[in-house]
Amino acid sequence: MSEPTPHHDSPPPRGDAPVAAQYLATFLKPEMLHIYRQITALHAFRPVVLCQNREQPEAFPFDDVRLLPKPRTRALRRIWQKQILGRPITLYRSEAQHLANILREIRAQVLHVYFGHMGVHLLPLLEISPVPIIVSFHGADAGIDLEKPAHLAMTRRMLDRATLLLVRSESLAQRLTAIGADARKIRLHRTGIPLGEISFQQRSAPPDGAWRCVQACRLIAKKGLATTLRAFAEFGREFPQATLSIAGEGPQLAELQALAKSLGIAGRVAFPGFLSQVELRALYASAHFFLHPSETPPDGDQEGVPNSMLEAMASGLPVLATTHGGIPEAVEHGASGWLVPERDHTALAQAWLALARHPTRYAQMSAAAVARVAAAFDLTAQARLLESYYREAGATLPKPTNAK
């Protein structure tokens with residue numbers, strides 16, 4: 001959603017720190033800022049990134065990145081495995097052996113694979129890996145193509161062979177156990193938010209009723225943007241000076257612009273597009289409400305805990321959202337925000353109006369929002385928790401240099 005800002009609150013890893021290899025297909029896409037923060041916040045382990053593609057090195061500076069060679073026959077592999085056999089694309093055995101050799105070469109003590117579908121892609125490696133492997137799930141990756149028998153079977157094999165399974169929310173843990181994951185392997189690992197980088201601003205109601213509202217996300221179905229627009233149309237009847245900014249890019253832009261026009265609110269709804277990190281935080285600082293009424297689309301894609309929502313809460317923005325995915329694990333209904341059922345724009349508008357009509361309660365939610373993020377989503381605390389999972393999986397730390 002936004003351009004990254006490197007995070008350096010934690011001391012850098014020691015030179016003798018054990019290696020925790022980090023596998024991503026691409027290091028790193030703009031929307032993966034939370035992963036960059038997580039990797040660079042490690043202290044007890046030295047991360048070495050293994051990837052197929054290196055993108056945006058200026059935005060995501062990192063020294064130890066190993067680019068993996070791509071097989072010349074990868075196009076044929078896609079046709080054979082995906083289109084003819086109807087199953088997920090996986091590594092060749094030779095690629096798996098090459099990766100295993102790299103893990104030995106860098107003396108990795110654990111391999112952290114980001115996203116469940118990449119765990120399936122690496123299944124041949126999981127079957128021969130010289131080190132324990134942790135697979136982390138973030139949202140949609142917990143249910144890709146699972147209606148297809150071959151995909152479900154191979155996902156279950158991956159879940160069985162992984163040493164530990166990390167999830168961003170308890171709702172994701174439930175989805176994994178529903179498809180056969182061993183609950184004893186699952187560990188909760190929240191998205192980490194760098195609270196020191198985000199300025200908290202106590203919100204108060206605007207005296208003139210000019211509420212500034214914002215939603216920041218990809219413009220896709222599961223974000224509930226049409227629900228936001230319909231609810232805003234109702235909210236605006238009582239507060240005609242209110243405005244709404246929907247920041248982000250995506251395939252629904254033209255459809256949402258047309259809906260805003262048909263609702264008669266186009267003049268009060270802005271679509272600023274992709275915003276830099278600085279621009280997004282400035283937008284948050286000027287706003288009064290953050291909207292995120294996520295909904296489950298026909299393909300079953302669900303949120304974990306939206307990162308943009310957590311950053312908005314850290315800035316002091318009360319949240320209006322839905323009882324969807326992991327959102328209720330971050331937004332405490334009636335305390336740090338308000339939750340309504342999915343796709344219910346009338347309920348969303350009523351909640352919106354209720355808070356706007358009660359300035360004292362609204363101000364209390366502002367303080368509660370940042371307190372909730374600090375309690376459960378602090379980056380440093382989550383980095384230390386991740387290191388504990390690396391140790392649990394089998395990685396060992398060197399003895400202190402002064403040990404006898």
Side-chain angles (χ1 to χ4, degrees), residues 203-248 250 252-253 255-272 283-284 286-297 302-303 306 308-309 312-313 315-325 327-328 330-366 368-369:
R203 299 312 202 277
S204 59
D208 57 356
W211 295 93
R212 291 184 294 274
C213 312
V214 62
Q215 183 166 350
C217 59
R218 284 271 296 155
L219 308 187
I220 55 177
K222 76 173 178 179
K223 302 300 182 179
L225 292 155
T227 299
T228 294
L229 289 173
R230 292 189 175 96
F232 180 70
E234 294 188 25
F235 181 79
R237 294 190 187 104
E238 183 168 333
F239 295 99
Q241 300 302 313
T243 59
L244 171 65
S245 294
I246 296 178
Q252 283 196 317
L253 176 59
E255 174 186 341
L256 294 169
Q257 290 173 326
L259 178 59
K261 184 176 180 180
S262 70
L263 292 169
I265 57 175
R268 292 184 287 124
V269 178
F271 293 89
L283 180 62
Y284 286 172
S286 67
H288 300 98
F289 282 114
F290 185 85
L291 285 294
H292 213 295
S294 299
E295 58 192 48
T296 306
Q302 287 191 14
E303 305 271 11
S308 60
M309 184 187 76
M313 292 173 69
S315 77
L317 276 176
V319 170
L320 294 161
T322 48
T323 51
H324 167 99
I327 290 176
V331 179
E332 299 164 302
H333 178 62
S336 54
W338 205 272
L339 301 176
V340 300
E342 294 184 20
R343 294 182 173 84
D344 192 338
H345 69 271
T346 300
L348 182 61
Q350 289 172 347
W352 208 335
L353 288 166
L355 288 179
R357 291 167 182 161
H358 295 86
T360 300
R361 189 173 193 182
Y362 167 78
Q364 290 170 342
M365 280 193 173
S366 175

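None of these values were measured; they are calculated from a predicted model. Basis for what follows: all heavy atoms, side chains included, without hydrogens, waters or symmetry-related copies.
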Handout entry: Under 3.5 Å donor-acceptor, Arg268 side chain and Ala233 backbone
Key = no
Practice task
For residues Phe289 and Leu355, determine if any side-chain heavy atom of one lies less than 4.5 Å from a side-chain heavy atom of the other.
Solution key: yes
Exercise for the section: Could you tell me whether a side-chain N or O of Ser245 sits under 3.5 Å from a main-chain N or O of Ala270, the two making a donor and an acceptor? Expected result: no
Problem - Pairwise distance CG(Leu320) to CH2(Trp338) - rounded to 0.5 angstrom - result: 9.5 Å
Problem - Ring center gap for Trp352 and Phe239 short of 6.0 angstrom - result: no
Problem - Spatial distance of atom SG (Cys217) from atom CE (Met309) [nearest 0.5 Å] - result: 12.0 Å
Fill in the blank from the handout: What one should report as the nearest heavy-atom pair of Leu348 and Thr228 is CD2-CA, 4.2 Å
Exercise for the section: Find the distance between CD (Glu234) and CG (Leu263) and round it off to the nearest 0.5 Å. Expected result: 9.5 Å
Practice task
Work out which heavy atom in Gly209 is nearest to a heavy atom in Gln241; give both atom names and the distance.
Solution key: O-CB, 4.0 Å
Exercise for the section: Indicate yes or no for a side-chain donor-acceptor contact from Glu303 to the backbone of His324 under 3.5 Å, with no hydrogens or angles considered. Expected result: no
Handout entry: Interatomic distance, Gln257 atom CD to Leu219 atom CG [nearest 0.5 angstrom]
Key = 9.0 Å
Problem - Within 6.0 Å of NE2 in His333, more than 12 heavy atoms from elsewhere - result: yes
Exercise for the section: Give the minimum heavy-atom separation between Leu317 and Ala287, together with the two atoms involved. Expected result: CD2-O, 3.4 Å
Fill in the blank from the handout: Smallest heavy-atom separation, His292 atom then Ile327 atom, equals O-CD1, 3.8 Å
Practice task
Hey, could you give me the CG/NE2 distance between Leu229 and His345, rounded to the nearest 0.5 Å?
Solution key: 11.0 Å
Exercise for the section: Find out whether Pro293 and Val340 are in side-chain contact, i.e. whether some heavy atom of one side chain is under 4.5 Å from a heavy atom of the other. Expected result: no
Exercise for the section: Indicate yes or no for a side-chain donor-acceptor contact from Arg212 to the backbone of Leu283 under 3.5 Å, with no hydrogens or angles considered. Expected result: no
Problem - Nearest non-hydrogen partners of Phe290 and Gln215, listed with the distance - result: CE1-CA, 4.3 Å
Exercise for the section: Check Pro318 against Tyr362 and note the closest heavy-atom contact, atom names and distance. Expected result: CG-CE1, 3.6 Å
Problem - Separation between CG of Leu225 and CD of Gln252, rounded to the nearest 0.5 Å - result: 6.0 Å
Exercise for the section: Kindly say whether Gly316 contributes a backbone atom to a donor-acceptor pair with the side chain of Ser366 at under 3.5 angstrom? Expected result: yes
